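Please read the structure below before turning to the comments.
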Amino acid sequence: MLILVINSGSSSLKYQLIDCEDRSVHAKGMCERIGIDDPIFKHEDANGYKIKEPREMKTHGDAVRIMLETLLDPEHPVIGSLDEIAAVGHRVVHGGPYFSESVLITDEHKEAIRMCYEWCPLHNRANLAGIEVCEEAMPGIPQVGVFDTAFHQTMPPEAYMYGIPYNYYEENAIRRYGFHGTSHEFVSRRAAEMTKHDPETYRLITCHLGNGASFCAIKGGKVIDTSMGLTPLEGIMMGTRCGSIDPAIVLAIGRLGNFTPDQVDDILNKESGVLGISGVSSDFRDVQDAAEAGNERAQLAIKMFCYQAVKIMGSYIAALGGIDTIVFTAGIGENDDIVRKYICDGISYRGLVIDDELNKIRGKEIVLSTEESAVEVFVIPTNEELSIALQTAEVLEIEKCSHL
Ligand code: AMP
């Protein structure tokens with residue numbers, strides 16, 4: 001049962017063709033620099049056939065056409081006909097208050113995705129463009145929207161409301177939504193399989209630590225709080241994003257530089273975080289290398305990141321009324337033993353103990369906690385594409401592809 005997963009960005013389109021029964025990837029690829037200079041097409045199939053070449057791609061429609069031609073290429077066919085694709089699953093970043101689960105896309109849903117432009121203009125516009133070009137290129141094939149925000153819709157009002165005048169919530173839907181939902185959902189379902197705890201009362205914190213980073217507090221399978229907010233800027237400081245700061249700083253930066261709101265937005269989203277503090281890079285590997293070589297600002301950036309992580313997690317342990325499991329995932333969470341060790345040491349007051357030898361393993365599913373640890377610690381590699389494929393199958397009630 002083949003599901004085509006599409007992740008459409010403002011100038012890129014990534015795809016994976018996944019068999020959701022055995023979870024194998026039949027092909028994957030990426031169209032980069034769509035509508036700008038030097039566009040590139042990359043493709044790879046399960047037999048090892050690879051393409052990386054410049055291709056003319058003015059629009060997302062061109063990208064989808066090239067992707068489909070390649071999948072159907074008689075010399076290296078991945079599929080014999082489009083009928084073999086059971087459905088297309090689209091990543092949509094912001095579902096606002098409208099989507100608490102994945103949906104089979106209708107005109108009303110497209111209008112609701114448009115209504116979320118205000119909070120995520122670049123992403124949502126690109127996501128909708130991806131849906132519309134696929135509808136045109138693959139008539140009759142179901143298109144499903146899978147939302148980064150949907151998993152978090154179970155949060156209670158005391159967790160999602162901000163302390164600003166109520167009318168901003170009523171009239172403009174300003175509230176916490178949270179992001180990385182497909183990843184938090186994927187790893188939390190896997191953790192529920194790995195744990196010995198009762199699923200009804202199971203308390204866990206999932207830590208998605210990548211270029212973007214967020215935490216999610218989950219009780220009995222339902223999200224009770226998450227660190228990203230109205231937009232993916234809130235929470236822990238990230239590669240280039242500032243995370244939670246005193247809101248008065250936003251105004252101060254604007255006044256100091258006489259900046260427009262968009263310029264301040266760029267400073268907080270693209271020039272802050274680990275890059276802004278270290279002055280080295282937004283990439284943790286570079287920052288760790290610099291820290292090891294004695295760069296004090298790089299050392300500070302890593303300490304700040306870990307300290308903020310422990311603070312957020314401590315508040316979630318209180319909100320959950322205790323903790324059964326901590327899950328690390330995404331680029332840093334799956335690979336960076338120094339960050340994992342710092343965070344776990346920060347929570348050792350709960351009786352959490354990890355195996356330092358196992359902690360050296362990178363990029364694999366591992367149980368990091370020791371037998372005597374009072375808290376389980378799992379490393380679970382995330383797979384957002386597979387999660388989207390499985391959720392798409394769920395919407396279409398394809399039972400052979402049960403989620404986990
Ligand atoms: P993601 O957004 O999930 O792709 O994660 C990207 C982040 O993960 C970057 O900051 C990378 O430096 C970091 N990362 C990836 N691999 C490693 C590694 N082996 N060690 C430390 N950090 C890593």
Side-chain angles (χ1 to χ4, degrees), residues 5 7 9-10 12 14 16 25 28 30 32 42 91 93 120 122-123 148 151 178-188 190 206-216 226-228 231-243 269-293 295 297-309 326-344 354 356-366 368 378-388:
V5 174
N7 184 350
S10 51
S12 67
K14 294 184 204 155
Q16 280 197 17
V25 177
K28 62 182 174 185
M30 189 193 288
E32 287 177 290
K42 295 180 194 162
R91 176 185 183 215
V93 171
C120 236
L122 290 180
H123 282 109
D148 281 15
F151 183 51
F179 296 86
H180 294 139
T182 49
S183 175
H184 288 294
E185 180 167 11
F186 184 79
V187 299
S188 64
R190 176 68 191 131
T206 47
C207 313
H208 178 110
L209 307 179
N211 257 328
S214 67
F215 299 84
C216 194
T226 192
S227 59
M228 283 180 167
T231 73
L233 189 54
E234 196 184 342
I236 190 171
M237 74 186 218
M238 308 172 213
T240 60
R241 289 175 236 168
C242 63
N269 268 296
K270 298 183 184 156
E271 298 171 22
S272 298
V274 171
L275 171 67
I277 293 293
S278 69
V280 173
S281 167
S282 63
D283 192 305
F284 256 71
R285 283 164 290 202
D286 303 337
V287 182
Q288 292 284 17
D289 288 347
E292 219 169 291
N295 183 319
R297 276 174 50 190
Q299 291 165 358
L300 173 64
I302 294 164
K303 272 196 189 152
M304 285 173 66
F305 182 85
C306 296
Y307 175 70
Q308 292 184 11
I326 287 167
V327 179
F328 289 107
T329 195
I332 299 163
E334 289 165 29
N335 295 294
D336 194 320
D337 55 318
I338 297 172
V339 168
R340 289 194 303 231
K341 172 81 178 143
Y342 188 116
I343 294 175
C344 289
I354 59 164
D356 289 335
E357 278 308 306
L358 287 178
N359 190 34
K360 291 183 186 148
I361 298 172
R362 291 168 184 259
K364 288 211 177 94
E365 186 173 289
I366 3 166
L368 269 191
F378 301 155
V379 177
I380 303 178
T382 194
N383 188 336
E384 291 176 85
E385 290 76 18
L386 177 59
S387 180
I388 292 171

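Read the numbers this way: they start at 1 and go in the same order the structure lists the ligands and their atoms. Since the structure is predicted, the reported quantities are computational estimates derived from the model, not experimental observations.
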Dump all N/O pairs between ligand 1 and the protein below 3.5 Å as a table: atom names plus distance, one pair per row.
residue, atom, partner, partner atom, Å
ligand 1, 2 (O), N211, N, 2.9
ligand 1, 3 (O), G331, N, 2.9
ligand 1, 8 (O), I332, N, 3.3
ligand 1, 10 (O), F284, N, 3.0
ligand 1, 12 (O), D283, OD1, 2.3
ligand 1, 12 (O), F284, N, 3.0
ligand 1, 12 (O), R285, N, 3.2
ligand 1, 12 (O), R285, NE, 3.4
ligand 1, 16 (N), N335, ND2, 3.4
ligand 1, 19 (N), R362, NH1, 3.0
ligand 1, 20 (N), R362, NH1, 3.0

Can you give the donor-acceptor pairs under 3.5 Å from side chains of residues 301-308 to other protein atoms, not counting sequence neighbours?
residue, atom, partner, partner atom, Å
Q308, OE1, M237, N, 2.9

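For F179, the ring pair (Phe, Tyr, Trp, His ring centres under 6.0 Å) partners are H94, not counting sequence neighbours. With sequence neighbours excluded, no residue forms a salt bridge (Lys or Arg N to Asp or Glu O under 4.0 Å) with E384.
If you run side chain to side chain donor-acceptor pair (under 3.5 Å) between K341 and each of N359, D356, D336, only D356 comes through.
T182 and S387 share no side-chain donor-acceptor pair at under 3.5 Å.
Salt bridge annotation for E385-K14: absent, with no cationic side-chain nitrogen under 4.0 angstrom from a carboxylate oxygen.
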